[in-house]
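These numbers come from a predicted model, not from an experiment. Residue numbers start at 1 and run along the sequence shown.
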Amino acid sequence: MTDANQTAYPASGHKHGVLFVFAAGVLWSTVGLGIRLIEDAVVWQILLFRSISLTLFLYVVLRIRSGQSPIAQIRRIGFPAVIAGLPLVAAYSGGIYAIQVTSVANAMLLFATAPFMAAVLGWIVLREPVRLATWIAIAVAIAGISVMVADKTGSVVLMGSLAALGSALGFAIFTVALRWGKSGEMLPAVFLSGLFAIVITFGICLYLGLPLVLSASDGSIAMGMGVFQVGAGLILYTLGSRSLPAAELALLSLAEVLLAPLWVWLLLGETASFSTLLGGAILLAAIAGNAVSGKRRKPPPITTP
């Protein structure tokens, strides 16, 4: 039995949705481990190779799913797909750089602020209402971020933290752009972002004189991340998010944030500072509290990883 403000989901579809979204979070959580295992490549080289494999993978998936060229699907979405795709390139770049120069725990926790940024951008740009509980959660999240970066002033780690916040902002702009375009499909815009990333990072590598050929190890890890970590994660999330309310999506997304530091701790012995853990706990409490407070709301038309 459901009321007017609650969306009913079939039990089997809900169970599968939970499994798909959780599996997507597990795949996404390996990003820190993958980047840590890369020995020589820098952010632009990693993103170039990851984008090549991601774009090829999504081309095949989109072609099979719709029977249409991804370019035709992008044209149907129109200019919002461009506005959504470009910030993803910045988000990808900032995310890789952040993980390279700061702890995985610090970077992943700051990435998790993207939904709050999207709420504020949606309020400013689209005039979407923001609940009082969300404003309170945003204030708590800002307090947590302040604790996390308090001991990082004047160091390269601070730049990594700012890059992580910039990455979160890129994902937030992506979300709002798709809502602005009233598109219920994010994969074509992600495919376009991969094309943008290939062109941009190829040009940057040429300008900086960076090798366009990586070692077998670095190249295989970067390309494997494009297919399995980003691409497969997106497919699973897209399938699962259709049968889950927004609150459960927000809570399940915490799997990525919590598991990423676990993998590098178990396999590489990487730890996080006390301020990162304390501020991260405050931030996670804000995210979980906001999700629980909105559990009876209908899910938004667009969700992002």
For residues [X] and [Y], determine if any side-chain heavy atom of one lies less than 4.5 Å from a side-chain heavy atom of the other.
X      : Y      : answer
Tyr97  : Met159 : yes
Val42  : Ile46  : no
Trp123 : Glu128 : no
Leu212 : Leu206 : yes

task: Sorted by first residue and then second, give each side chain to side chain donor-acceptor pair (under 3.5 Å) pair with at least one member in residues 188-205; sequence neighbours left out.
output: Tyr92-Ser193
Please check: side-chain N/O of [X] versus main-chain N/O of [Y], any donor-acceptor pairing under 3.5 Å?
X      : Y      : value
Asn290 : Ala137 : no
Gln45  : Cys205 : no
Thr102 : Ala98  : no

- prompt: Given Ser275 and Ser273, is the side chain to side chain donor-acceptor pair (under 3.5 Å) satisfied, shown in steps?
  reply: CA-CA 5 Å; Ser275 63; Ser273 68; 3.2 Å; yes
task: Among Asn106, Thr276, Leu109, find the residue that satisfies the side-chain contact (heavy atoms from CB on, under 4.5 Å) test when tested with Ser161.
output: Asn106
field: Mutual orientation of the aromatic rings belonging to Tyr59 and Phe191 [parallel < 30°, tilted 30-60°, perpendicular > 60°]
entry: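 If you compare the ring of Tyr59 with that of Phe191, the planes turn out tilted.
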- prompt: Step by step, would you call Thr30 with Trp263 a side chain to side chain donor-acceptor pair (under 3.5 Å)?
  reply: CA-CA 7 Å; Thr30 62; Trp263 303 141; over 6 Å; no
query: Any idea which heavy atoms bring Ala107 and Ala164 closest together, and the distance?
result: O-CB, 4.0 Å
- request: Could you check Arg75, Gln73, Arg63, Arg76 and say which one makes a side chain to side chain donor-acceptor pair (under 3.5 Å) with Gln68?
  value: Arg76
Ring center gap for Trp28 and Tyr237 short of 6.0 angstrom: yes
